[in-house]
Amino acid sequence: MSSFQAIRQRDGRNLDVLVGGATAGPALVCHHGSPSDASLWLDWDDLAAEHGLRLIAISRPGYATSTRQTGRNVANVANDVRHVLDTLDVPWFVTVGWSGGGPHALACAVDLRDRCRGVATLAAVGPYGEPDLDFLAGMGPENHAEFGAAFEGESRVRAWLEKHGAAFRHITGAEIAEAFGGLVPQIDRDLLAGGFADAMAAEIRRALAGGFDGWVDDDMAFVRPWGFDLAGIAVPVVVWQGDLDLMVPFAHGKWLAERIPGAVSKPAPGHGHVSLFVEYRDAIVQDLMERIVVDNDDRQPEARLNLS
């Protein structure tokens, strides 16, 4: 049964941490998108336990009850993950990141290479400023406006979010599909209903309960250098991407898969941003675990890079 823990970082910041799955041993570390928080992963508890993994998710600084870390970049996540792993006595982990969580999962593969054994990204955003990746091409109009503000600086994106994102602080499940507007194709709209929509709305309300700091800082981190080199990744990486995605277009996943050493591309034809996350959940973790070889004596895996 998952529960939330408040873990104090060495610099005094509070970390809002979801812990579940198996009771001990290695972990599945999950990174949420934007805006969101650790509660996104509540229903992955049973999935982690089935694979003998603890479930760990950390709300990034500024979201939910995690203290803001002004000026953070993507790479800074590794320090928080390492501290949580040390606190919970986790020997090694695999990691999954959805949307804006994708780059954060990849950062762990570089900066926590002593303990990270594999990565799966789900509709992960690519880096801004690369000459061969048109960052905004194929995104819905809301993302054009939001990132357009971020390109102009923190004060501009904060003002934009306060005007256009205020409804998300009180969003309900019945309102969420309409609130996403041009960012969701029909297949995603169809899923943004009922219990799943209610859970996503609750997660966003929790994430934004203290304001827009986490969302602002995420946007700024995505339009700045990430702070690590993809060439430094030496563990299995699987890049999952739907071709109907209007939040993070297919070109982002293609770019990442072509530049991460040994990465395997897993296109999902006919899927969007949300449907990929919902419908491929079990397959994503199963596939990732099949790409590592575990010694049953000490549960320390070795990466297996040659699977397709």
Side-chain angles (χ1 to χ4, degrees), residues 1-7 9 15-32 38-60 75 77-98 101-122 124 228 232-240 260-264 266 277 280-307:
M1 183 73 175
S2 296
S3 62
F4 287 95
Q5 297 186 22
I7 294 180
Q9 210 359 328
L15 301 177
D16 174 53
V17 184
L18 176 70
V19 181
T23 57
L28 172 64
V29 176
C30 298
H31 301 266
H32 61 77
S39 66
L40 169 70
W41 305 99
L42 278 165
D43 72 348
W44 286 50
D45 181 277
D46 58 339
L47 183 60
E50 287 171 13
H51 290 276
L53 300 169
R54 303 185 78 175
L55 175 67
I56 296 174
I58 307 169
S59 299
R60 282 193 295 280
V77 71
N79 185 47
D80 286 348
V81 172
R82 183 182 292 278
H83 181 65
V84 170
L85 296 179
D86 289 346
T87 300
L88 299 177
D89 195 27
V90 175
W92 60 268
F93 68 100
V94 293
T95 186
V96 172
W98 183 33
H104 293 85
L106 295 171
C108 291
V110 175
D111 293 337
L112 298 175
R113 61 179 63 113
D114 56 327
R115 289 157 92 169
C116 181
R117 299 298 183 260
V119 181
T121 66
L122 291 57
F228 67 97
I233 296 177
V235 298
V237 175
V238 187
V239 178
W240 296 80
I260 297 170
V264 173
K266 288 281 190 176
F277 178 78
Y280 280 82
R281 186 193 81 143
D282 292 6
I284 287 162
V285 177
Q286 180 67 36
D287 176 85
L288 183 57
M289 293 306 293
E290 287 175 356
R291 292 174 191 279
I292 61 175
V293 179
V294 179
D295 184 331
N296 290 326
D297 291 334
D298 60 9
R299 297 285 288 166
Q300 296 297 315
E302 296 178 357
R304 185 164 61 195
L305 289 168
N306 60 347
L307 294 181

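Since the structure is predicted, the reported quantities are computational estimates derived from the model, not experimental observations.
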Please evaluate residues Asp86 and Arg115 with respect to the criterion salt bridge (Lys or Arg N to Asp or Glu O under 4.0 Å), reporting the C-alpha separation (whole Å), side-chain torsions for both, the decisive distance (0.1 Å), and the verdict.
CA-CA 11 Å; Asp86 289 346; Arg115 289 157 92 169; 2.7 Å; yes
To the nearest 0.5 Å, atom OG of Ser2 lies from atom CG of Leu42 at 5.5 Å
Specify the closest pair of heavy atoms between Ile284 and Ala120, including all atoms of both residues, with the distance to one decimal.
CG2-CB, 3.9 Å
Value rounded to 0.5 Å, distance of CG in Asn79 from CG in Leu112:
8.5 Å
Looking at His32 and Arg60, would you say the former's side chain and the latter's main chain have a donor-acceptor pair under 3.5 Å?
yes
Go through the steps for Gln5 and Val84 under the test side chain to side chain contact (heavy atoms under 4.5 Å, CB included), then give the verdict.
CA-CA 10 Å; Gln5 297 186 22; Val84 170; over 6 Å; no
Do you know which two heavy atoms are closest between Gly21 and Ala48, and how far apart they sit?
CA-CB, 4.2 Å
Assess the residue pair His51 and Gln286 against the criterion (side chain to side chain contact (heavy atoms under 4.5 Å, CB included)); give the C-alpha distance rounded to whole Å, side-chain angles, the decisive distance to 0.1 Å, and a yes or no.
CA-CA 8 Å; His51 290 276; Gln286 180 67 36; 3.1 Å; yes
In Å and rounded to the nearest 0.5 Å, what is the CD1 to CD1 distance from Ile233 to Ile260?
4.5 Å
Side-chain contact, heavy-atom cut-off 4.5 Å: Arg113 with Val235?
no
Side chains of Val77 and Cys108: does their closest heavy-atom pair fall under 4.5 Å?
yes
Compare all side-chain heavy atoms of Cys30 with those of Leu55 and state whether any distance is below 4.5 angstrom.
yes
For the residue pair Thr95 and Cys116, establish whether any side-chain heavy-atom pair is separated by less than 4.5 Å.
yes
Just one of Val94, Leu85, Val96 clears the side chain to side chain contact (heavy atoms under 4.5 Å, CB included) bar with Val29, so which one?
Leu85
With no hydrogens and no angle check, is any side-chain donor or acceptor of Thr121 less than 3.5 Å from a backbone partner on Gly97?
no
Going by the angle between their ring planes, with limits at 30° and 60°, are Trp98 and Phe277 parallel, tilted or perpendicular?
parallel
With a 3.5 Å distance limit and no angle check, can you tell me whether Arg291 reaches the backbone of Val119 through a side-chain donor-acceptor pair?
no
Tell me, with the steps shown, if Trp41 and Leu18 meet side chain to side chain contact (heavy atoms under 4.5 Å, CB included).
CA-CA 8 Å; Trp41 305 99; Leu18 176 70; 4.2 Å; yes
Nearest 0.5 Å, what's the CG-CH2 distance between Leu288 and Trp240?
10.0 Å
Here's a test for you: under side chain to side chain contact (heavy atoms under 4.5 Å, CB included), which of Val90, Asp114, Thr87 qualifies with Arg82?
Asp114
Any heavy-atom pair between the side chains of Asp282 and Glu50 that's under 4.5 Å?
no
Closest heavy-atom pair and its distance - Ala38, Ser59
N-OG, 3.0 Å
Checking salt bridge (Lys or Arg N to Asp or Glu O under 4.0 Å) between Arg281 and each of Asp46, Asp45, Asp287, which is the one that passes?
Asp46
